[in-house]
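These numbers come from the heavy atoms of this one structure, side chains and all, not from hydrogens, waters or symmetry mates.
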Amino acid sequence: MNHAEIRPWAALWSLVLGFFMILIDTTIVSVANPTIMRELDTTMTMTLWATSAYLLAYAVPLLITGRLGDRFGPKRMYLFGLVVFTLASFACGISPSIEILVVSRALQGLGASLMTPQTMAVITRIFPPKERGSAMAVWGITAGVAMLVGPILGGFLLDGLGWEWIFFINIPVGIIGFILAKKYVPELKTHVKRLDMLGIALSAIGMFLVIFGIQEGESFDWGVVWGPINIWMIIISGVIILVAFVIWQAVQKGDPLMPLAIFKDRNFSVGSAAIVTVGVTTTAMSLPYMFFLQLVHKLTPSQSALMMLPMAILSIILARPVGKLVDKRDSRFLATAGLGLYALSILFYIPLMNPDIAILWLLVPSFSLGVANAMIWGPLASVTMFSLDTNLAGAGSGIYNTSRQVGAVLGSASMAMIMQSRLTKAFGDNIPIADETGSIPQAKAELYGNAMAESLIMPMIVLLLGAIITLFFAPRPKTDQSQEAVSQR
């Protein structure tokens, strides 16, 4: 495909369809867990592994799959990942046992990991700088909104068709996405001559141990996993292996899996650190808020998810205008303002989280969160990737998305501990559980709501840290790089 035939926006929308699908699957299963547990006659622990397996298989290989796009071409890796994801979705839907479902979910996660870095890498390489802000805004809002749509879509599919359709819905979407990507996503020049096999091994093992340890720490009460092995030994071992991975990347003479030169780009380093705080908050905030809505305010899972609908709608509406603003001027502080507004929105939630508040008041922060999200996802991705050498687009995308996923795992694990500590402080060893109505007894609802509200202080502080980090963004280069999109093909 030559330059004249490339249609960047058609390629972007083709990629966004698949990207949206795989991100929805990070949250869509949460509402179906009780039904899956009952119908597959299994335990809560095994049921939750259907989610854990997906997240592990998604997050662990991201550094590797980003580099695979540089080696074999982002289009080829994206299409291969989409096929794996779609076939795995079918396997999930027909799973007769929880064991097969867990394995199928892991394959889904691997497919998602193959696809994700390619989306950002293609955007970086086919859009000229004057349009890249708008394109990254679409990519960013897709990531933000998909997390919210998952539980809503899952609730309606579960109520109307059954849990299997949470997975079957991916099949027609995957087929359409494959046809569109095959037609509109261009073949791009490859850069990596050989793969860093030792780097791949060290990266995969180290990332698995760290992410497994953080993600499953609460399940093992941060203690013994098996025999003499405890959760902290697993995490520390993973960190040591990752340190060895970084040392190997510095001393090896070939094509490293993670070129350390990439961090000489100041904005890439700052943006990769900032997206960790966004990942933490995305998962950490929703946990106590959903518990409050369902156990204290007595909403159903679908009704609770709909409380975030203003945020999703406003994020979508504002994505393109914000993207155009990024295209026209040096808007590196948009992300700073967005992170600050996100923190203020969470602060607004805290006094509202009591059983006597009118439910409509809880929609107000959802609107401001929509504005904040539009100012964060797209501008942050755009500024982070703007000056990166196109030869490093795959590696950069892999690192950026790994940072986001690690942040999400950290947010989930730390919030589980914080919620537990707040509830223990409020109730001691007699933490209330839902009664036959699916809610907390009225006499204890206020204390329960207060505990969930106090838990929100953590993501608020993390967001403020993210805002401070973005203050270190350098000004965007003023030189016209419009020929860049042509030279890399």
Side-chain angles (χ1 to χ4, degrees), residues 27 29-39 42-52 150-152 154-155 158-159 215-223 231 280-308 346-363 365-366 411-461:
T27 57
V29 179
S30 60
V31 294
N33 280 334
T35 304
I36 292 173
M37 182 173 67
R38 182 180 66 252
E39 295 194 7
T42 186
T43 64
M44 173 65 76
T45 301
M46 284 302 297
T47 304
L48 293 178
W49 258 103
T51 297
S52 296
I152 300 173
L158 185 66
D159 292 340
Q215 182 173 293
E216 300 301 318
E218 189 68 20
S219 302
F220 294 100
D221 198 25
W222 298 97
I231 207 74
V280 168
T281 307
T282 301
T283 53
M285 179 203 156
S286 62
L287 286 173
Y289 185 51
M290 289 297 153
F291 270 82
F292 167 75
L293 290 175
Q294 294 178 44
L295 299 185
V296 177
H297 249 293
K298 305 180 181 179
L299 300 184
T300 66
S302 296
Q303 289 171 334
S304 301
L306 286 171
M307 292 298 295
M308 303 301 288
I346 293 178
L347 180 62
F348 192 12
Y349 270 121
I350 292 175
L352 298 179
M353 289 177 67
N354 68 75
D356 299 321
I357 197 73
I359 197 73
L360 290 178
W361 275 108
L362 292 166
L363 292 174
S366 185
S412 178
S414 58
M415 181 52 77
M417 289 189 294
I418 291 170
M419 288 168 61
Q420 183 67 31
S421 70
R422 295 298 86 198
L423 289 171
T424 300
K425 180 181 178 182
F427 298 104
D429 294 331
N430 300 311
I431 297 174
I433 59 175
D435 57 24
E436 62 276 3
T437 67
S439 59
I440 296 296
Q442 190 66 31
K444 299 180 178 180
E446 184 173 354
L447 279 177
Y448 200 98
N450 288 342
M452 296 300 98
E454 290 170 3
S455 301
L456 288 177
I457 294 173
M458 183 275 283
M460 182 179 68
I461 292 173

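For the atom pair CE (Met285) and CE (Met460), the distance works out to 12.0 Å, reported to the nearest 0.5 Å. One finds the CD atom of Gln303 at 9.0 Å from the CD1 atom of Ile359 (value rounded to the nearest 0.5 Å).
Nearest approach of Ser421 to Ile418, heavy atoms of both residues: OG-O, 2.8 Å. Shortest non-hydrogen contact noted between Ala284 and Pro288 is O-CD, 3.0 Å. Shortest non-hydrogen contact noted between Ala451 and Ser455 is O-OG, 2.9 Å. Of all heavy-atom pairs between Phe292 and Leu352, the closest is CZ-O, 4.1 Å. Shortest non-hydrogen contact noted between Leu362 and His297 is CD1-CD2, 4.2 Å.
Pro459 places a side-chain heavy atom less than 4.5 Å from the side chain of Met415. Between Met458 and Met419, the closest side-chain pair of non-hydrogen atoms is not below 4.5 Å. Residues Gln442 and Pro355 have side chains in contact (heavy-atom distance under 4.5 Å, counting atoms from C-beta outward).
Residue pairs satisfying the salt bridge (Lys or Arg N to Asp or Glu O under 4.0 Å) criterion with at least one member in residues 288-297, sequence neighbours excluded, are absent.
The side chain to side chain contact (heavy atoms under 4.5 Å, CB included) test applied to Phe427 returns Leu423, Ile431, Pro432, Lys444, Leu447, Tyr448, not counting sequence neighbours.
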task = Before giving the answer on side-chain contact (heavy atoms from CB on, under 4.5 Å), spell out for Val296 and Met353 the whole-Å C-alpha distance, their side-chain angles and the decisive distance to 0.1 Å.
result = CA-CA 9 Å; Val296 177; Met353 289 177 67; over 6 Å; no
ask   = Do Met452 and Leu295 pass the side-chain contact (heavy atoms from CB on, under 4.5 Å) test, and can you show the C-alpha distance, the side-chain angles, and the key distance before you say yes or no?
value = CA-CA 11 Å; Met452 296 300 98; Leu295 299 185; over 6 Å; no
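Classified by interplanar angle (parallel below 30°, tilted 30° to 60°, perpendicular above 60°), the ring pair Tyr349/Tyr289 is tilted.
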